[in-house]
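The chains referred to below are lettered A, B, ... by the order of the sequence lines, with proteins before strands, and numbering in each begins at 1.
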There are 2 protein chains.
Amino acid sequence: MEKQTVTIYDVAREAAVSMATVSRVVNGNPNVKPATRKKVLEVIDRLDYRPNAVARGLASKKTTTIGVIIPDVTNAYFSSLARGIDDIAMMYKYNIILTNSDENGGKEVQVLNTLMAKQVDGIIFMGNQVTDELREEFRRSKAPIVLAGSVDAEKTQPSVNIDYVAAVAEAVKNLIDHGNRKIAFVSGSMDQAINHDYRLKGYKKALKDAGIAYDDKLVFETDYTYKAGQSLEPALSAAGATAAFVGDDELAAGVMNGLTDAGVAVPDEFEVITSNDTKLTELVRPKMSSITQPLYDIGAVAMRLLTKLMNNETVDENTVILPYGLMKRSSTK
Amino acid sequence: MEKQTVTIYDVAREAAVSMATVSRVVNGNPNVKPATRKKVLEVIDRLDYRPNAVARGLASKKTTTIGVIIPDVTNAYFSSLARGIDDIAMMYKYNIILTNSDENGGKEVQVLNTLMAKQVDGIIFMGNQVTDELREEFRRSKAPIVLAGSVDAEKTQPSVNIDYVAAVAEAVKNLIDHGNRKIAFVSGSMDQAINHDYRLKGYKKALKDAGIAYDDKLVFETDYTYKAGQSLEPALSAAGATAAFVGDDELAAGVMNGLTDAGVAVPDEFEVITSNDTKLTELVRPKMSSITQPLYDIGAVAMRLLTKLMNNETVDENTVILPYGLMKRSSTK
DNA sequence: CTTTGATGTGAAAGCGTTTTCACTCTTGCG
DNA sequence: CGCAAGAGTGAAAACGCTTTCACATCAAAG
């Protein structure tokens with residue numbers, strides 16, 4: 001025996017009004033006489049009527065659902081953003097369809113398509129490799145799309161970020177100020193805009209400002225994993241580096257622990273500064289110095305921006321830049 | 001100018017067939033002559049037709065979307081499960097509506113209701129405090145619900161877990177075997193079934209087996225946060241404990257770092273063993289010994305189980321128990 | 001009284017699919 | 001050559017809501 005669903009029609013019949021009226025009271029439309037409203041509400045309560053959101057979505061062309069594409073929920077940086085997104089979404093009565101992309105272009109395109117098929121009202125995209133194909137899909141979408149904690153070199157989509165160039169430059173300058181001349185730049189794939197177009201630029205800028213020559217032997221392109229960082233020590237030492245800027249906290253933890261395990265003292269013999277200021281930075285010993293980012297807020301602001309876009313409100317600034325900082329902990333002098 | 005949507009009707013007209021036929025080819029129904037299929041496919045391609053999943057959901061009463069209730073995406077334990085869930089879901093063509101509950105009963109009930117309103121085909125629930133009200137909602141649901149990494153004392157819902165009692169008992173026995181007599185039990189709220197009904201039982205069992213009297217002064221009920229753990233050191237020392245079993249990795253990292261910072265040597269003066277075997281255990285120094293759980297698999301199996309339930313397949317065992325292990329690292333002797 | 005403008009309500013047309021049912025062709029077989 | 005059994009297709013009825021439009025009612029204003 002299937003559980004029976006009660007529809008708006010049942011309520012209308014029982015309350016001796018039309019479906020239109022029931023719909024009005026359900027949606028808080030003021031054009032209903034208080035007495036009628038009360039009557040309808042009673043029936044709704046009695047029958048335990050619950051509006052079917054799918055039918056509503058079909059009729060109104062709004063699903064109050066947004067899509068969120070995330071590289072990996074398991075990643076502390078992105079999950080912090082996701083938390084900010086969800087909280088604000090909930091505040092505005094939206095739900096979130098969350099999908100992991102592994103920053104895999106093909107998967108991203110596919111996911112984007114199913115999200116659009118599901119008629120989401122908006123999309124938040126996280127991931128740093130916006131391919132042409134992806135950009136094309138973005139354009140095709142009738143739902144607004146905002147990038148959170150993610151950059152696209154072409155700046156074609158609304159986005160929320162910090163000023164990565166300036167932040168990295170400042171972090172590296174800090175290392176330089178401590179007397180380091182050979183500073184490693186450790187990051188994930190250089191195919192990602194955030195690395196080659198932003199972080200590396202900041203790195204180069206700091207070097208240039210200090211009159212230090214750029215040496216690509218000091219640039220280490222690897223995976224965003226703890227293991228990858230851990231196994232980097234020999235190379236780092238071989239290159240003669242005495243400090244490193246790292247583009248991801250987990251990676252940085254690996255780098256640092258790898259160094260420590262190899263007998264290199266952090267920060268005395270080698271300084272490390274990382275990028276994302278996730279919880280991780282406080283857990284490891286020594287605690288890691290880091291660029292600080294308002295992680296939760298990046299997600300929250302992105303979601304807020306999306307709500308405006310979905311309501312066709314005019315927004316003054318499509319690409320918002322949130323403030324960053326530098327947190328000195330114990331992995332730098 | 002709104003972007004125009006092309007509907008199944010447009011395709012039917014252009015291909016000079018009926019909507020029914022278009023629907024058939026879209027859904028891979030074999031009852032279509034190859035020639036017709038080809039013709040329709042061409043038109044679909046030419047018009048760039050994309051089926052509207054909402055309309056489809058209304059007509060078919062299946063949304064290929066499932067709801068996932070998670071305490072906090074930011075938590076490494078749960079986000080690992082979530083990753084397993086999403087991967088399997090994607091494999092079976094489902095999408096996930098993810099919502100954070102903060103293990104707040106009221107929020108959980110509310111979220112559950114909106115999920116049901118959105119006609120999700122199934123629900124995966126994570127959270128260890130199944131209130132009566134919640135249980136009542138579960139019962140009301142026509143979508144199957146499975147618990148992942150979460151226990152309900154009443155065992156009324158399908159679930160996927162490890163044998164917490166045995167695992168904790170083994171972990172504590174290990175501590176006892178190392179000569180510890182005063183072993184602290186550190187966990188989150190005792191209101192949670194997993195703590196008072198499982199972990200604590202395992203703890204008591206191990207003590208009893210070793211002939212050690214249970215002393216509730218050694219039970220520390222706190223928050224699942226790093227900070228909470230860190231500030232526990234004075235109390236731990238005051239109670240004369242020489243070892244601790246901890247119910248959460250982040251909490252355990254806090255405990256351990258708090259101890260270390262206070263000059264208590266881990267593991268020489270104080271041993272720590274934790275519960276979830278998340279990445280964290282490897283990041284901290286010393287690395288933490290832990291009960292090992294197949295995190296990803298718990299999520300994956302839960303999702304797989306859910307697919308069966310959604311298809312009305314008969315499942316032999318509704319409450320599945322996955323194997324656990326014990327990983328000795330450096331926070332125990 | 002009539003007129004006017006709000007206010008409250010209902011009928012019915014969508015929204016874009018799936019699915020049932022009936023119907024028309026083909027086949028293969030006796 | 002006739003007929004039963006598929007195979008292939010279309011018409012149209014759902015699915016459960018929102019929204020438009022027209023209509024009725026009523027109070028205030030003239």
Side-chain angles (χ1 to χ4, degrees), chain A residues 2-41 43-44 47-65 93 114 116-121 142, chain B residues 2-41 43-44 47-65 93 114 116-121 142:
Chain A
E2 258 307 292
K3 300 187 191 174
Q4 194 52 50
T5 56
V6 3
T7 74
I8 198 173
Y9 179 76
D10 300 320
V11 176
R13 181 170 31 72
E14 287 290 306
V17 298
S18 71
M19 287 161 50
T21 298
V22 177
S23 174
R24 286 190 190 97
V25 349
V26 168
N27 293 297
N29 182 315
N31 282 1
V32 182
K33 216 196 307 184
T36 331
R37 178 185 308 279
K38 180 151 172 289
K39 185 172 58 176
V40 172
L41 250 16
V43 175
I44 285 180
L47 303 188
D48 191 28
Y49 165 67
R50 319 216 183 167
N52 177 323
V54 173
R56 190 191 291 226
L58 183 57
S60 69
K61 303 187 160 245
K62 299 210 171 309
T63 54
T64 60
T65 301
K93 313 276 187 210
T114 75
M116 286 163 48
K118 295 214 168 168
Q119 313 296 120
V120 295
D121 296 337
K142 53 183 171 183
Chain B
E2 259 306 292
K3 301 188 190 173
Q4 194 53 48
T5 55
V6 5
T7 74
I8 198 174
Y9 178 77
D10 299 320
V11 176
R13 182 171 29 73
E14 288 290 306
V17 298
S18 72
M19 286 162 50
T21 298
V22 178
S23 176
R24 286 190 190 96
V25 349
V26 168
N27 293 297
N29 183 314
N31 282 2
V32 182
K33 214 192 316 184
T36 333
R37 179 185 308 280
K38 179 149 173 289
K39 185 173 60 176
V40 172
L41 250 16
V43 175
I44 285 179
L47 302 189
D48 191 29
Y49 165 67
R50 323 218 181 162
N52 177 324
V54 173
R56 187 188 294 223
L58 182 58
S60 69
K61 301 188 161 246
K62 298 212 171 307
T63 54
T64 61
T65 302
K93 313 276 187 209
T114 74
M116 288 162 49
K118 295 214 168 169
Q119 313 297 119
V120 294
D121 296 336
K142 52 182 172 185

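- Side chain of A/L58, nearest nucleotide from D/dG10, C/dC15, D/dC15: C/dC15.
- Nearest nucleotide to the B/R56 side chain, out of D/dG16, C/dT18, D/dG10: C/dT18.
- Remark: C1' of C/dG14 and OH of B/Y9 are 14 Å apart, rounded to the nearest angstrom.
- A donor-acceptor contact under 3.5 Å links the side chain of B/R24 to the base of D/dG10.
- Regarding B/K33, its NZ atom lies at a distance of 13 Å from the C1' atom of C/dT27, rounded to whole Å.
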- Task: Begin with the C-alpha distance, continue with both residues' side-chain angles, and end with the deciding distance and a verdict on side-chain contact (heavy atoms from CB on, under 4.5 Å) for A/L41 and A/K38.
- Result: CA-CA 5 Å; A/L41 250 16; A/K38 180 151 172 289; 5.7 Å; no
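- Within the structure, every side-chain polar atom (N or O) of B/N52 is placed at least 4.0 Å from both OP1 and OP2 of C/dC15.
- Nearest nucleotide to the side chain of B/T21, out of C/dG10, D/dT9, D/dG16: D/dT9.
- Rounded to the nearest 0.5 angstrom, B/N31 CG and B/R37 CZ are separated by 9.5 Å.
- Taking five base pairs at each end of the helix from C/dC1-D/dG30 to C/dG30-D/dC1 and finding the rotation axis that steps the C1' atoms of four pairs onto the next four gives two axes whose angle is 40°, to the nearest 10°.
- Of all nucleotides listed (D/dC17, C/dG8, C/dT17), C/dG8 comes nearest to the side chain of A/T36.
- Rounded to an integer number of Å, the gap from A/K62 NZ to C/dG14 P is 20 Å.
- Considering only side-chain atoms of A/A59, the nucleotide from C/dG16, D/dT18, C/dT18 that sits closest is D/dT18.
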- Query: Should A/T5 and B/Q119 be marked as a side-chain contact (heavy atoms from CB on, under 4.5 Å) after you check the CA-CA gap, both sets of side-chain angles, and the distance that decides it?
  - Reply: CA-CA 11 Å; A/T5 56; B/Q119 313 297 119; 5.9 Å; no
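- Of the possible polar contacts, none joining the A/S23 side chain to the A/M19 backbone as a donor-acceptor pair under 3.5 Å is found.
- If you take CG of B/N29 and P of D/dG10, they are 13 Å apart, rounded to a whole angstrom.
- Put simply, CD on B/Q119 is 19 Å from P on C/dT17, counting in whole angstrom units.
- Nearest heavy-atom pair, A/L47 versus A/V6, reported as atom, atom and distance to 0.1 Å: O-CG1, 3.5 Å.
- Side-chain atoms of A/K118 come within 3.5 Å of backbone atoms of B/T63 as a donor-acceptor pair (strictly under, hydrogens ignored).
- Remark: the backbone N or O of B/N29 is not paired with any side-chain donor or acceptor of B/N27 at under 3.5 angstrom.
- Each of C/dT19, C/dG10, D/dC15 was ranked by its minimum atom distance to the side chain of B/S23; first place goes to C/dT19.
- The distance from atom CZ of A/R13 to atom C1' of C/dA11 is 18 Å, rounded to the nearest whole Å.
- In this structure, B/I8 atom CD1 and D/dA13 atom C1' are separated by 15 Å, rounded to whole Å.
- Phosphate contact (OP1/OP2 of D/dT18, side-chain N/O of A/S60, threshold under 4.0 Å): absent.
- Listed candidates were C/dC15, C/dA11, D/dA11. Nearest to the side chain of B/A20 is D/dA11.
- Within 4.0 Å (heavy atoms only), A/V17 reaches sugar-phosphate atoms of the nucleic acid but no base atom.
- In this structure, of D/dC17, C/dT9, C/dT17, it is C/dT17 that holds the atom nearest to the side chain of B/T7.
- Comparing B/M19 and B/R37 along DNA chain D, the residue whose closest nucleotide (by nearest heavy atom) sits nearer the 5' end is B/R37.
- Atom P of nucleotide D/dT19 and atom NZ of A/K61 are separated by 11 Å, given to the nearest angstrom.
- Paired with A/V17 under the rule side chain to side chain contact (heavy atoms under 4.5 Å, CB included), one option of A/T36, A/V43, A/V25 passes, and it is A/T36.
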